[in-house]
Amino acid sequence: MRAMDSRNYSNSNNLPPHHAFDVVVIGAGHAGCEAALAAGRLGARVALVTFSRATVAQMSCNPAIGGLAKGQIVREIDALGGAMGRVADTTAIQFRLLNRSKGHAVRGPRCQSDRQRYAEMMLAEVDAAAGVELVEGEVVDLLTAPDRSTITGVVLADGRRLQAPAVVVTTGTFLNGLMHIGQDKFGGGRIGEPASSGLSAALQRLGLELGRLKTGTPPRLDRDSIDWSRLQVQPGDERPTRFSFLTDMPITERQVPCHITWTNATVHRLLTDNLDHAPLYNGQISSTGPRYCPSIETKIVRFAGHDRHQVFLEPEGRDSRLIYANGISTSMPRPVQDEMVRAIEGLEQARIIRYGYAIEYDFVPPTQLLPTLETKAVSGLYLAGQINGTSGYEEAAGQGLMAGANAALKLAGREPLVLGRDQAYIGVMIDDLVTRGTEEPYRMFTSLAEYRLLLRYDNADRRLTPIGDCAGLVEPKRRQRLQRKMAIMERIEGVLQSGRVGNKRLDELLRRPDVTLESLSADRPELASLIAQDAEATEQVEIEMKYSGYLQRQQRQVDRAGRLESQRIPQGLDYSQIAQMRHEAREKFGRIRPLNLGQAARISGISLSDVAVLEIYLERLRRR
């Protein structure tokens with residue numbers, strides 16, 4: 001990679017007309033920030049291009065980080081050296097561990113965030129990052145070699161050209177974004193911000209197919225207009241579960257509670273009577289929306305037998321007047337939104353500060369990508385975030401980190417960073433996207449991970465920090481923290497294996513549901529001392545002892561699947577020559593171009609017999 005330019009272009013207007021970088025990242029949302037930071041950590045000179053530095057890392061939808069499966073992704077981002085977990089910890093106003101009453105495989109940390117402070121701190125991370133330059137402007141075109149096979153840079157609306165052999169597109173909902181409130185339609189990528197109008201055509205000219213998706217957001221309410229006394233309080237956890245493995249500071253500020261209320265028959269009747277004014281039901285919107293986060297209009301139609309739906313009132317910040325009404329996402333006309341809100345208990349006098357809206361936007365069906373998130377059509381062009389059909393800050397940030405890292409690794413001539421389904425939720429997500437594609441906004445769930453007991457939130461550092469360290473993404477402090485934790489775990493396990501109660505070893509006793517490490521340490525000072533040194537190490541030893549049989553069984557499943565994953569498929573293979581294979585299988589294999597038999601088996605519509613035919617054909621090729 002080229003050495004850093006010694007000139008300081010802190011004001012983007014001072015950039016020369018033709019400025020050279022290693023990587024250009026388009027868009028400074030959650031995907032874009034992690035992409036730029038990852039590439040910068042690997043030594044690349046990065047231009048992070050955004051409309052305005054005032055909108056970096058905005059939380060367009062709910063002011064929260066994490067949740068079921070999403071919390072695991074944030075911990076994985078952190079374990080790989082990313083910023084989201086640290087920023088979330090520092091700017092959180094409430095912490096909750098979801099599914100606490102269920103097994104460890106499906107628990108997920110979540111925090112309510114201070115929306116403004118989160119964006120400010122992520123901007124500070126970007127400004128402080130070595131090699132990362134924040135450039136204000138709009139990218140309207142992509143530059144390529146004459147044969148369009150290789151990316152060479154981008155063109156900004158004011159005529160500036162940023163030259164780079166790698167470009168990461170993280171445009172979120174801004175690609176030809178069209179917003180809807182009732183019959184009102186207006187262009188935009190987020191309320192008050194313009195859409196990106198030139199990039200869609202540029203992507204199509206390069207041979208990429210585009211599709212159209214939809215998402216939405218609920219109204220924001222004035223905090224002082226809500227009757228809080230009539231609502232159910234939802235406090236934070238007394239002992240917060242943090243996201244970052246580097247965060248060890250205690251909670252000093254009070255946690256801010258959320259509140260719960262419900263829709264009712266009056267609300268449902270109002271919405272039913274006005275469905276002909278709803279863009280989702282009068283033909284105004286035809287794009288597919290998120291199945292698992294539907295609008296309130298969709299809920300009352302799809303779940304007509306339900307007499308109420310839960311509404312979470314979530315503060316947007318410690319000092320903010322805005323309350324996010326989670327559960328009533330809508331694009332109904334403004335008067336209907338006013339009437340709907342005031343029909344809900346506790347909100348009879350509520351004032352809407354910002355109305356809910358729906359937004360349609362362009363995306364690139366992700367089967368056009370390699371597992372590195374590089375496009376198959378254009379070398380050096382990477383896509384991450386909602387442009388790949390996903391939803392959620394966490395899914396976007398995970399993709400951004402991987403795309404930025406892989407762009408920099410490729411430029412350095414190093415091996416790419418690709419995570420397996422048995423290594424990370426990020427690996428599951430990217431494999432799902434590039435192998436199966438998506439026809440609706442993709443959201444990560446624990447049920448999508450077949451090895452979820454191995455992919456717990458508590459062990460993300462043990463799974464991924466060594467991988468990140470090998471790639472060069474991880475700082476020494478993180479490596480040292482993990483080494484210390486693993487040393488304590490090893491010592492705890494040694495005490496458990498050597499100690500006895502009667503004819504039972506301590507680790508055997510710990511497998512009983514009523515026995516804890518703390519109870520075993522009551523009269524064992526050495527064990528008590530180790531437990532006091534590292535709560536995370538203690539938690540992991542206890543989990544892995546209690547679930548040891550299940551973990552061994554799941555590891556055997558991973559090992560069996562590894563046989564197919566290890567059988568590579570030549571990328572130039574002509575599937576049309578495999579006469580014994582079904583036409584549909586030849587077409588899908590030729591379009592997806594799986595890297596190995598494991599990925600081939602996961603393609604939608606592919607049968608075990610198709611994979612068997614392919615395996616036999618590959619074996620014949622090898623014998624020749």
Side-chain angles (χ1 to χ4, degrees), residues 68 71-72 75-76 79 95-109 237-242 245 247-248 250-251 422-425 446-447 449-466 479-562:
L68 302 179
Q72 280 89 330
R75 281 221 152 187
E76 291 173 354
F95 292 91
R96 292 184 67 231
L97 181 63
L98 305 187
N99 271 355
R100 188 182 288 274
S101 63
K102 298 183 179 180
H104 290 273
V106 295
R107 296 179 186 178
D237 292 343
E238 290 185 12
R239 298 175 63 182
T241 301
R242 299 303 189 109
F245 292 97
T247 302
D248 49 18
I251 293 284
D422 61 314
Q423 294 177 305
Y425 272 89
T446 53
S447 59
E450 58 268 47
Y451 308 121
R452 54 186 171 273
L453 189 55
L454 297 175
L455 307 182
R456 307 183 311 275
Y457 77 87
D458 62 273
N459 67 354
D461 55 344
R462 292 173 64 202
R463 289 187 276 118
L464 297 179
T465 294
R479 182 193 319 122
Q480 293 160 7
R481 177 73 63 97
L482 175 61
Q483 289 170 346
R484 175 181 177 274
K485 173 181 171 178
M486 293 180 70
I488 292 174
M489 289 181 65
E490 187 175 341
R491 290 174 63 191
I492 293 174
E493 289 166 358
V495 173
L496 292 174
Q497 289 166 4
S498 60
R500 288 181 176 274
V501 174
N503 62 351
K504 284 279 189 180
R505 284 193 343 212
L506 295 182
D507 58 340
E508 295 172 336
L509 285 173
L510 189 58
R511 294 190 184 112
R512 288 169 36 184
D514 59 324
V515 177
T516 65
L517 261 177
E518 188 174 355
S519 66
L520 291 176
S521 67
D523 56 352
R524 295 175 176 84
E526 182 184 4
L527 187 56
S529 173
L530 290 169
I531 289 173
Q533 290 180 47
D534 196 316
E536 286 187 352
T538 302
E539 178 188 35
Q540 283 187 45
V541 170
E542 188 164 313
I543 291 170
E544 296 189 2
M545 290 289 185
K546 288 188 181 298
Y547 288 90
S548 59
Y550 297 100
L551 289 166
Q552 291 168 12
R553 184 187 308 168
Q554 202 153 92
Q555 187 58 54
R556 288 195 294 270
Q557 294 171 346
V558 170
D559 295 340
R560 284 196 297 270

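We count residues from 1, following the sequence as given.
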Visitor: Got a second to check how far Phe245's CZ is from Asn459's CG, nearest 0.5 Å?
Guide: 7.5 Å
Visitor: Taking the side chain from Glu76 and the backbone from Tyr425, do they hold a donor-acceptor pair closer than 3.5 Å?
Guide: yes
Visitor: Check whether Thr465 reaches the backbone of Arg479 with its side chain - one donor and one acceptor, N or O, closer than 3.5 Å.
Guide: no
Visitor: Donor-acceptor check, side chain of Arg107 to backbone of Lys102, threshold 3.5 angstrom: yes or no?
Guide: yes
Visitor: What heavy-atom pair brings Leu68 and Gly108 nearest, and what distance separates the two atoms?
Guide: CD2-N, 4.2 Å
Visitor: Going by ring-ring contact (aromatic ring centres under 6.0 Å, His included), name the residues that satisfy it together with Tyr547, two or more places apart in sequence or in a different chain.
Guide: His104
Visitor: For the pair Asp461 and Arg481, evaluate salt bridge (Lys or Arg N to Asp or Glu O under 4.0 Å) and give the outcome as yes or no after the intermediate values.
Guide: CA-CA 10 Å; Asp461 55 344; Arg481 177 73 63 97; over 6 Å; no
Visitor: For Ala105 and Arg452, which heavy atoms make the closest approach, and how far apart are they?
Guide: CB-O, 3.9 Å
Visitor: Main chain of Leu453, side chain of Gln554: is a donor-acceptor contact present, judged purely on distance under 3.5 Å?
Guide: yes
Visitor: Go through the steps for Val541 and Leu496 under the test side-chain contact (heavy atoms from CB on, under 4.5 Å), then give the verdict.
Guide: CA-CA 10 Å; Val541 170; Leu496 292 174; 3.8 Å; yes
Visitor: Atom OG1 in Thr538, atom NZ in Lys485: separation rounded to 0.5 Å?
Guide: 10.0 Å
Visitor: Return the minimal non-hydrogen interatomic distance between Tyr457 and Glu539, and the atom names on each side.
Guide: OH-OE2, 3.0 Å
Visitor: Compare every heavy atom of Arg242 with every heavy atom of Thr247, then report the nearest pair and how far apart it is.
Guide: CG2-NH1, 3.3 Å
Visitor: Please evaluate residues Leu517 and Leu527 with respect to the criterion side-chain contact (heavy atoms from CB on, under 4.5 Å), reporting the C-alpha separation (whole Å), side-chain torsions for both, the decisive distance (0.1 Å), and the verdict.
Guide: CA-CA 8 Å; Leu517 261 177; Leu527 187 56; 4.2 Å; yes
Visitor: Which residue pairs pass the salt bridge (charged side-chain N to carboxylate O under 4.0 Å, His left out) test with at least one member in residues 520-534, sequence neighbours excluded?
Guide: Arg484-Asp534
Visitor: Going by side chain to side chain donor-acceptor pair (under 3.5 Å), name the pairs with one or both residues in residues 510-522, residues two or more places apart or in two chains.
Guide: Arg511-Ser548, Arg512-Asp514, Thr516-Ser519
Visitor: To the nearest 0.5 Å, how far apart are CD in Gln555 and CZ in Arg560?
Guide: 11.0 Å
Visitor: Atom CZ in Arg239, atom CG in Leu97: separation rounded to 0.5 Å?
Guide: 11.5 Å
Visitor: Does this structure show an ion pair linking Glu544 with Arg462, if we count only N-O contacts that are shorter than 4.0 Å?
Guide: yes
Visitor: Taking Glu493's backbone N and O only, do any of them form a donor-acceptor pair with Asp507's side chain (distance below 3.5 Å, no angle check)?
Guide: no
Visitor: Give a yes or no on whether the backbone of Val558 and the side-chain of Asp422 come within a donor-acceptor separation of less than 3.5 Å.
Guide: no
Visitor: Using a 6.0 Å cut-off, check whether atom CD of Glu490 has over 12 heavy atoms from anything other than its own residue.
Guide: no
Visitor: Less than 4.0 Å between a side-chain N and a carboxylate O, is that true for Glu536 and Arg75?
Guide: yes
Visitor: Counting distance only, does the side-chain N/O of Arg96 pair as donor-acceptor with the main-chain N or O of Asp237 below 3.5 Å?
Guide: no
Visitor: Look up atom CD1 in Ile492 and atom CG in Leu530, then write down how far apart they are to the nearest 0.5 Å.
Guide: 5.5 Å
Visitor: Looking at every non-hydrogen atom in both residues, tell me the closest pair between Leu455 and Ala424 and how far apart they are.
Guide: CD2-N, 3.5 Å
Visitor: Which pair of non-hydrogen atoms, one from Ala79 and one from Ala460, has the smallest distance, and what is that distance?
Guide: CB-O, 3.4 Å
Visitor: Under the 3.5 angstrom rule, does the side chain of Gln540 hit a backbone N or O of Asp458 as a donor-acceptor pair?
Guide: yes
